[in-house]
Number of protein chains: 2
Amino acid sequence: MDSNRAPSARSEVYAKLREQILNLELPPGTALSEKESSLAFGVSRTPVRESFVRLGQEGLVQVLPQRGTFVSLIDPELVEEARFMREQLERAVIRLACASFPADTMKQLETNLRLQRESMAESNDKRMFELDEAFHRTIFEGCSKRNTWAVIQQMNAHLNRSRLLRLVSDHEWNHLYSQHEQMVSAIRDGDAGLADRVMQEHLSLSIRDQAVLRERFPHYFK
Amino acid sequence: MDSNRAPSARSEVYAKLREQILNLELPPGTALSEKESSLAFGVSRTPVRESFVRLGQEGLVQVLPQRGTFVSLIDPELVEEARFMREQLERAVIRLACASFPADTMKQLETNLRLQRESMAESNDKRMFELDEAFHRTIFEGCSKRNTWAVIQQMNAHLNRSRLLRLVSDHEWNHLYSQHEQMVSAIRDGDAGLADRVMQEHLSLSIRDQAVLRERFPHYFK
DNA sequence: TCTACCAGACTTGTATGGTAGTATGGAAGT
DNA sequence: ACTTCCATACTACCATACAAGTCTGGTAGA
């Protein structure tokens, strides 16, 4: 069941750093250092270095030779493009879903909706966030577009640093939930036009978040 | 002008390995090894290792701990999804281009078309391939979607291993060129519907290549 | 006071040795 | 002939030492 019987030091460090960057626990612009991180994690520089390489490729850190490694500033252009890509791909996929969608995957969506209602009742924001992600992922899986979702997730690393604020403004969840419900109905009815419109509106919400974050933390941005 | 005054050993090794994998010079399934590669490139194992990490993240190689590193087999599902993503994003972008496109970037497209005619006359396939890539990239740049193009390029790594065969069947170029011409006209006229249709057809051509390659080299595929 | 310079404390880049897990082939036992 | 076991030769993983570039602060000289 466990693909990695012994999780490597590298993957541990990588996962932890990535999480901290996405959390804004390590804010944009923070100076990292191989040595410092290796001490913090209790490993040698090698696995830390290789984590930096991976994070650098994803654009989450910037490695300047002989100068230092820094958590990347949020690039508004990159964020907007990430939103654009996600919008195009999610709309295309949900149109596919309206043409044909497996029954058991539809069951999963319905279960997910029920869990969303429960989480909203409990005001469990963290759980709600996970369910939101799972909801979208499930649509991709129903259309055999697992890898496409994976690419979106990578792009979303940048988008998500901006979206963090919404987590605290939980009054938005009701709106998002009703959109999720509309999507499921549209897929069930095969109404691609409706699904497309709802998804487009659904994904346009994140634009405003960035403006708010930018105003509050101007030095986080490029 | 040179972003890297002294190209690092790592980036050299990475670029070379990547090129060889995309060339099929290193066919899918080939066993690599840190030691062997380090000897071949005349560097230590460290930069080779870090190249493996990068290539692994792109899905071009598969690193199995304590077992070995292998050039990834071509995953048909991944290839189809790459094609799907590219289609959706290119169609969305060319529709944007029809709404608004900078005059100087339009000049570049026209220049590119002229060079394409010259290269076809010379039967210069390599040049033609480069111009084709530049053509599409220019459309993205005109719409301020540089990063989106970069993501497509990464996905295309998988797609391109399948597209290699087309390079030798140069009789296709005439068809591709006329489609390019139609796209430029459509952008000039702001005819998003036409542009979308042409682009869709344009990008559907690569599907057949995979079938051919798969038939000839079944052991290259997953 | 201001400038030029240099020493030292950083940084990442590269090389190398040792460790642990894995595949393989041959020998010993059935 | 067939199976089991083990020595051996791999593999990637990690730790560590050294190399080379960069920044900083203090100092000597004008």
Side-chain angles (χ1 to χ4, degrees), chain A residues 1-18 20-21 26-73 219 222, chain B residues 1-18 20-21 26-73 219 222:
Chain A
M1 193 54 59
D2 48 342
S3 57
N4 289 346
R5 32 180 63 192
S8 68
R10 176 174 73 215
S11 56
E12 296 269 330
V13 170
Y14 166 76
K16 191 68 184 171
L17 283 176
R18 188 175 202 277
Q20 290 181 333
I21 292 172
L26 291 173
T30 304
L32 299 177
S33 134
E34 295 176 3
K35 188 169 186 181
E36 185 187 350
S37 295
S38 70
L39 289 176
F41 286 103
V43 299
S44 80
R45 276 181 51 207
T46 304
V48 172
R49 244 187 94 69
E50 292 171 0
S51 296
F52 283 7
V53 170
R54 289 189 63 177
L55 293 168
Q57 192 165 13
E58 296 182 58
L60 291 177
V61 306
Q62 193 168 8
V63 179
L64 305 177
Q66 272 70 38
R67 296 166 73 94
T69 301
F70 305 88
V71 178
S72 296
L73 297 180
H219 48 290
K222 185 178 287 182
Chain B
M1 192 55 58
D2 48 342
S3 57
N4 290 346
R5 35 179 63 191
S8 68
R10 176 174 74 215
S11 56
E12 296 269 330
V13 170
Y14 166 76
K16 192 66 185 172
L17 283 176
R18 190 176 201 279
Q20 290 180 334
I21 292 172
L26 290 173
T30 304
L32 300 176
S33 125
E34 295 176 4
K35 190 170 185 180
E36 185 188 348
S37 295
S38 69
L39 289 176
F41 286 104
V43 299
S44 78
R45 303 202 313 274
T46 303
V48 172
R49 238 185 100 67
E50 293 172 358
S51 296
F52 284 4
V53 170
R54 290 189 63 177
L55 294 169
Q57 191 164 10
E58 294 182 58
L60 291 177
V61 306
Q62 193 168 9
V63 179
L64 305 178
Q66 271 68 39
R67 295 165 70 97
T69 300
F70 305 88
V71 178
S72 295
L73 297 180
H219 48 291
K222 184 176 289 181

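A, B, ... follow the sequence lines: proteins, then strands. Residue 1 opens every chain. All figures in this text were calculated on a predicted structure; none of them were measured in a lab.
At least one side-chain heavy atom of A:F52 sits under 4.5 Å from a side-chain heavy atom of A:S37. In this structure, the side chains of A:R10 and B:V53 come closer than 4.5 Å at one or more pairs of heavy atoms. The shortest side-chain heavy-atom distance between A:E58 and B:Q57 falls under the 4.5 Å cut-off. A:K16 places a side-chain heavy atom less than 4.5 Å from the side chain of A:F41.
To the nearest angstrom, C1' of C:dT22 lies 7 Å from CZ of B:R67. Taking atom CZ of residue B:F70 and atom P of nucleotide C:dA23, one finds them 9 Å apart after rounding to whole Å.
For the pair B:S38 (side chain) and B:E34 (backbone), a donor-acceptor distance under 3.5 Å is present.
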Between the protein and nucleotides 6-8 of chain D, list the N/O to N/O atom pairs that are separated by less than 3.5 angstrom.
none

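The structure places CZ of B:R45 at 8.0 Å from NZ of B:K35, a figure rounded to the nearest 0.5 Å.
Put simply, B:T69 has a side-chain N or O that comes within less than 4.0 Å of OP1 or OP2 on D:dA12.
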Checklist entry - Just by protein heavy atoms under 4.0 Å, how would nucleotides 13-20 of chain C read 5' to 3' in B, S and -? => result BBBBBB-B
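Annotation: A:Q62, atom CD; neighbour count of heavy atoms from other residues, nucleotides and ligands within 6.0 Å does not exceed 12.
Among the candidates B:L26, B:L60, B:L55, B:L17, the single residue satisfying the side-chain contact (heavy atoms from CB on, under 4.5 Å) test with B:V71 is B:L26.
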